[in-house]
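Structure, as structure tokens:
Reminder, nothing fancy here: chain letters follow the sequence lines and each chain counts from 1.
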Amino acid sequence: MAGSALRRLMAEYKQLTLNPPEGIIAGPINEENFFEWEALITGPEGTCFEGGVFPAKLIFPPDYPLSPPKMQFTCEMFHPNIYSDGRVCISILHAPGDDPMGYESSAERWSPVQSVEKILLSVVSMLAEPNDESGANVDAAKMWRENRDEFNRIAERIVRRTLGIPT
Amino acid sequence: MVIVIMGDEAKNSSTATEDVSQLNQDELIMAQQRQIEKEISETIPLVGDLENILLLEHEYSNDDVYQEKVKNLAKKYKSIRRTRPDGNCFFRAFSFAYIERLLDKKEDFDAFYKKTAKSKDDLVELGFQQFTVEDFYDTYLDVLKRVGDIAEVEGAKTELHSLFNDQGYSDYMVVYLRLLTSGQLQKEKDFYSCFIEGHTTVEDFCHQEVEPMYKESDHIHIIAACAALGTGVRVVYMDRGTGKAVTEHDLPEGCVPSVHLLYRPGHYDILYPI
């Protein structure tokens, strides 16, 4: 099974290298191990995360793509759909029925024809439009709803940190 | 397995802790789910051996309604092959039983191989990304080729059974039939949309109910899977309903079924007619 997963991950890496989606770079941290990737995601334009470059790691299970990978930001993040330890919590990273957050039934779910690229694009949309209904970080969800100015200030500080600019 | 229920103490603590407890609880629930799945996997093969149909009576030794129904079933069917109840049972049972049946008739098998060989292009045309369907398609064709190359029919069936019990091959066979079924639904979406409840589009239905592993099958999956493979199936329903006989449904209606499946609420096994 791991052989099939490896073949698929190599195909996805090739695809992402040949046709990289705008603002996203992703690939194995070390070509000896295709089951751990690093991704760099640029904050979407016109949002409070604009200009930031956010590093994350993706860990793939041995039965990928039957099961989805896990994704975790490795920089400081403050966002309704990201746990305080950096783990990303969006519907595409879960198979249907696997429902820690009670996602809407129409939300996009994991299946073997999804891909790393689709996940990363969903994460970019998530940065632009947080889903405060399914809060992984309750404080961030509350602030996003009730005190947007403060939320934006925190986001701006995080953006500066990812760029190594003193805050 | 212990399930942690968050008490008031946890609720009153700082929100940072709440995040962590929430995370731990999700993890625990998922870990428990995986443990249950593992226990099921370890006890029931993906596709079992042929068993005498009358062995089913043992399952219902204290149940007159079912005992009577099993006796009735035995008038038409000699054996049963059980499949693992993991949500993929229809796709696994149907795929296995249909290929097994095709092995009896070389021309039909060859025609099916040719039809399947062309199927990837159809899926790509429907909008599936090539690299996401390729491995499943390759595995499906590889299995067909491996069993097709064995001249002696019983030997080919034994090889098929062993490939379907190899999790790697077996699950990829399941995925590819799921994709063919999804492709069929999307190709004829005007027709199938009438059978989907609520406001869900055929595409969304496919993404949520057909393409993901472990999602159980309904009538609509069966009809589309039959259309995709170009065959028909007889589903024999056995439940606690009144009447001594089991109920039969041919899908699509009026077909000559190539595969017979026993349906007991929530699960499909393969039946072999006398």
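- Listed in order of number, the residues of residues 112-126 of chain A that approach chain B to under 4.5 Å between heavy atoms are A:P112, A:V113, A:Q114, A:S115, A:E117, A:K118.
- At most 12 heavy atoms of other shown residues, nucleotides or ligands fall within 6.0 angstrom of atom CD1 in A:I25.
- Within the 4.5 Å cutoff, no side-chain heavy atoms of B:F131 are placed close to those of A:K14.
- Annotation: the span from B:L179 atom CG to A:S111 atom OG amounts to 7.5 Å, rounded to 0.5 Å.
- Every residue was checked against the salt bridge (charged side-chain N to carboxylate O under 4.0 Å, His left out) condition with B:E188, not counting sequence neighbours, and none meets it.
- Using a 4.5 Å cut-off between heavy atoms, B:E211 touches chain A through backbone and side chain atoms alike.
- Within 6.0 Å of the CD atom in A:E150, the count of heavy atoms belonging to other residues, nucleotides or ligands exceeds 12.
- Scanning all heavy atoms of the two residues, the minimum distance from B:Y172 to A:Y64 falls at OH-O, 4.1 Å.
- Separation of atoms CD (A:E108) and NE2 (B:H207) is listed at 7.0 Å; rounding is to 0.5 Å.
- Contact of B:F136 with chain A is made through the side chain alone, with heavy-atom distances under 4.5 Å.
- Interatomic distance, CD of B:Q208 versus OG of A:S91, reported as 9.0 Å (0.5 Å rounding).
- The environment of A:E146 atom CD is dense: over 12 non-hydrogen atoms of other residues, nucleotides or ligands sit within 6.0 angstrom.
- The structure places OH of B:Y214 at 5.5 Å from OG of A:S67, a figure rounded to the nearest 0.5 Å.
- Applying side chain to side chain contact (heavy atoms under 4.5 Å, CB included) to B:T132 and the options A:R8, A:Q15, A:E12 leaves one that passes, A:R8.
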